[in-house]
Amino acid sequence: MAPNQNLPSHALTIDLEEWFQGLTSTNRQGGRWPEWPARAAGLTDRLLELLAGHGVRATFFVVGALAAAEPALIARIAAAGHELAVHGYDHRFVHELTPAQFRAELRRTVHAIRRAAGDVPILGHRAPYFSINGSCLWALDVLADEGFVYDSSLIRTRNPLYGFAQAPLRPVRLQPGGAGALTEFPVTTIGLGRWRLPCGGFAWRVLPYPVIRALVRRAQAQGAIVAYVHPWEFDTNQPAPTRLTARERITHRAGRARLWSTWRRLLTDSPWGPLADHLALAERLPLWSLA
């Protein structure tokens with residue numbers, strides 16, 4: 001069944017990182033990354049085939065270290081017409097960086113992406129682990145100063161790893177510190193009782209598809225949604241070279257077997273596109289105060 005073209009086109013975002021960059025237990029062991037098998041390229045190629053089969057373009061937020069290690073993959077993504085954006089260089093928490101370190105990571109990642117894909121436009125940024133929050137809103141000034149057009153790091157949810165209670169629920173215009181305008185595209189979260197569930201990630205791996213579809217329909221009543229996924233979430237054969245924490249066994253392992261089926265149905269049921277396609281509406285978005 002073809003997507004209903006009368007619905008708003010939702011934004012599909014893919015956080016492109018290796019499994020050991022995303023796991024918090026291995027993320028801080030950068031010296032050991034070369035020891036572990038790289039799996040992102042094969043999974044991403046399967047994902048590219050899925051997207052091509054549905055005529056969908058997406059935004060790939062790319063970790064710079066992966067772009068440097070897999071330049072041919074980044075070139076294939078660009079050649080397929082997808083948007084490339086920045087997801088940190090070493091997938092580090094932004095609130096643990098200084099402004100100078102954050103700026104250096106941005107520049108290093110842009111260089112790695114363009115070295116792989118050529119002089120492609122790089123408009124957007126998403127912080128690893130959605131780690132821009134109230135303690136480091138200075139990062140939005142740095143992004144604007146470095147010429148980024150939009151960010152997608154603020155997320156209104158609460159869990160042991162991330163969340164920002166004051167984050168906007170829908171896209172907004174930011175005016176950080178005089179450095180220039182910036183559009184914020186927060187990942188859509190949907191209220192479910194006392195919780196707000198992000199559109200993607202763990203929630204979309206474990207919830208039955210009829211529940212996901214119902215939540216998407218409720219959210220899209222207010223406009224297009226922003227959803228996300230990681231290639232490693234599709235990997236049912238991911239190795240475990242270190243002892244996973246109890247949280248990781250749940251948040252990084254649960255529900256993987258059903259995810260290909262879930263996304264095939266999502267891509268069939270609704271229209272999707274990259275975040276850059278939504279920038280045409282940026283001037284009509286409400287202003288959001290950083291105070």
Side-chain angles (χ1 to χ4, degrees), residues 9-16 58-64 82-89 91-111 113-114 120-157 162-189 198-199 222-228 273-291:
S9 179
H10 304 309
L12 172 55
T13 65
I14 297 164
D15 292 354
L16 182 54
T59 296
F60 283 76
F61 288 103
V62 182
V63 167
H82 300 287
E83 180 189 11
L84 296 172
V86 167
H87 196 42
Y89 193 85
H91 205 263
R92 300 165 70 189
F93 289 89
V94 172
H95 54 67
E96 294 181 356
L97 302 175
T98 66
Q101 289 172 327
F102 179 61
R103 189 183 299 271
E105 283 224 345
L106 292 175
R107 293 179 177 180
R108 193 178 180 194
T109 305
V110 168
H111 175 74
I113 292 172
R114 287 191 168 142
V120 294
I122 299 177
L123 307 176
H125 167 268
R126 174 174 290 155
Y129 305 112
F130 300 105
S131 56
I132 296 179
N133 55 34
S135 71
C136 58
L137 292 177
W138 51 259
L140 300 171
D141 290 305
V142 176
L143 287 168
D145 189 51
E146 287 294 307
F148 285 85
V149 177
Y150 73 85
D151 176 67
S152 184
S153 304
L154 308 183
I155 185 167
R156 178 88 71 88
T157 190
Y162 57 77
F164 179 28
Q166 286 74 47
L169 289 173
R170 310 295 300 183
V172 293
R173 287 181 297 144
L174 308 178
Q175 195 67 44
L182 194 69
T183 300
E184 180 66 31
F185 291 114
V187 165
T188 305
T189 59
C199 287
Q222 299 181 43
I225 69 170
V226 179
Y228 79 102
L275 271 174
D277 284 359
H278 294 256
L279 286 170
L281 301 177
E283 290 301 316
R284 292 158 51 184
L285 295 174
L287 280 171
W288 185 72
S289 172
L290 303 183

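Keep in mind that this is a model prediction, so the values were computed, not measured. Counting begins at 1 with the first residue of the sequence.
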**OP:** Side-chain contact test, heavy atoms from C-beta onward, threshold under 4.5 Å: evaluate it for Val94 versus Trp138 and give yes or no.
**Re:** yes

**OP:** Using a 4.5 Å cut-off on heavy atoms from C-beta on, say whether the side chain of Arg126 contacts that of Tyr228.
**Re:** yes

Original post:
What are the two closest heavy atoms between Ser152 and Val226, and how far apart are they?
Top reply: OG-CG1, 4.4 Å

Original post:
Is a side-chain donor or acceptor of Arg156 paired with a backbone partner of Ala165 at a separation under 3.5 angstrom?
Top reply: yes

Subject >> Shortest non-hydrogen separation from Ser9 to Ala224 and the atoms involved >> reply: O-CB, 3.3 Å

**OP:** Evaluate the side-chain proximity of Leu169 to Thr189: yes if any heavy-atom separation is below 4.5 Å, no if none is.
**Re:** yes

**OP:** Hey, could you give me the CG/OG1 distance between Asp151 and Thr183, rounded to the nearest 0.5 Å?
**Re:** 10.0 Å

**OP:** Using a 4.5 Å cut-off on heavy atoms from C-beta on, say whether the side chain of Phe148 contacts that of Val110.
**Re:** yes

Original post:
CG of Leu16 to OG1 of Thr59: how many Å apart, nearest 0.5 Å?
Top reply: 12.5 Å

Original post:
In Å and rounded to the nearest 0.5 Å, what is the CG to OG distance from Leu140 to Ser153?
Top reply: 7.5 Å

Subject >> Glu83 and Leu123, any side-chain heavy atoms less than 4.5 Å apart >> reply: yes

Original post:
Say you draw a straight line from NE2 of His87 to CG of Asp15; how long is it, rounded to the nearest 0.5 Å?
Top reply: 4.0 Å

Subject >> Option passing side-chain contact (heavy atoms from CB on, under 4.5 Å) with Leu154 (candidates Trp288, Phe185, Phe130) >> reply: Trp288

Original post:
Counting only N and O atoms by type, is there a donor-acceptor contact under 3.5 Å from the side chain of His91 to the main-chain atoms of Pro128?
Top reply: no

**OP:** For residues Leu137 and Phe164, determine if any side-chain heavy atom of one lies less than 4.5 Å from a side-chain heavy atom of the other.
**Re:** yes

Original post:
Between Arg173 (side chain) and Arg284 (backbone), is there a donor-acceptor pair under 3.5 Å?
Top reply: no

**OP:** Nearest 0.5 Å please: distance from the CG atom of Leu275 over to the NE2 atom of His10.
**Re:** 13.0 Å

Subject >> Pairwise side-chain contact, Gln101 with Glu96, heavy-atom cut-off 4.5 Å (strictly under) >> reply: no

**OP:** Taking all heavy atoms of Val62 and all of Leu84, pick out the closest pair and write down the distance.
**Re:** CG2-CD2, 4.0 Å

Subject >> Residue pair Ala85 / Gly124: nearest heavy atoms and the distance that separates them >> reply: CB-O, 3.3 Å

Original post:
Any donor and acceptor pair, going by atom type alone, linking the side chain of Arg170 with main-chain N or O of Gly223 inside 3.5 Å?
Top reply: yes

Subject >> Sole residue of Phe61, Tyr89, Phe102, Tyr150 in ring pair (Phe, Tyr, Trp, His ring centres under 6.0 Å) with His125 >> reply: Phe102

**OP:** Mind checking the CD1-CZ spacing from Ile122 to Arg114? Nearest 0.5 Å is all I need.
**Re:** 4.5 Å

Original post:
Which heavy atom in His82 sits nearest to a heavy atom in Ala58, and how many Å separate them?
Top reply: ND1-N, 2.9 Å

Original post:
Does the side chain of Asp145 come within less than 4.5 Å of Arg103's, by heavy atoms?
Top reply: yes

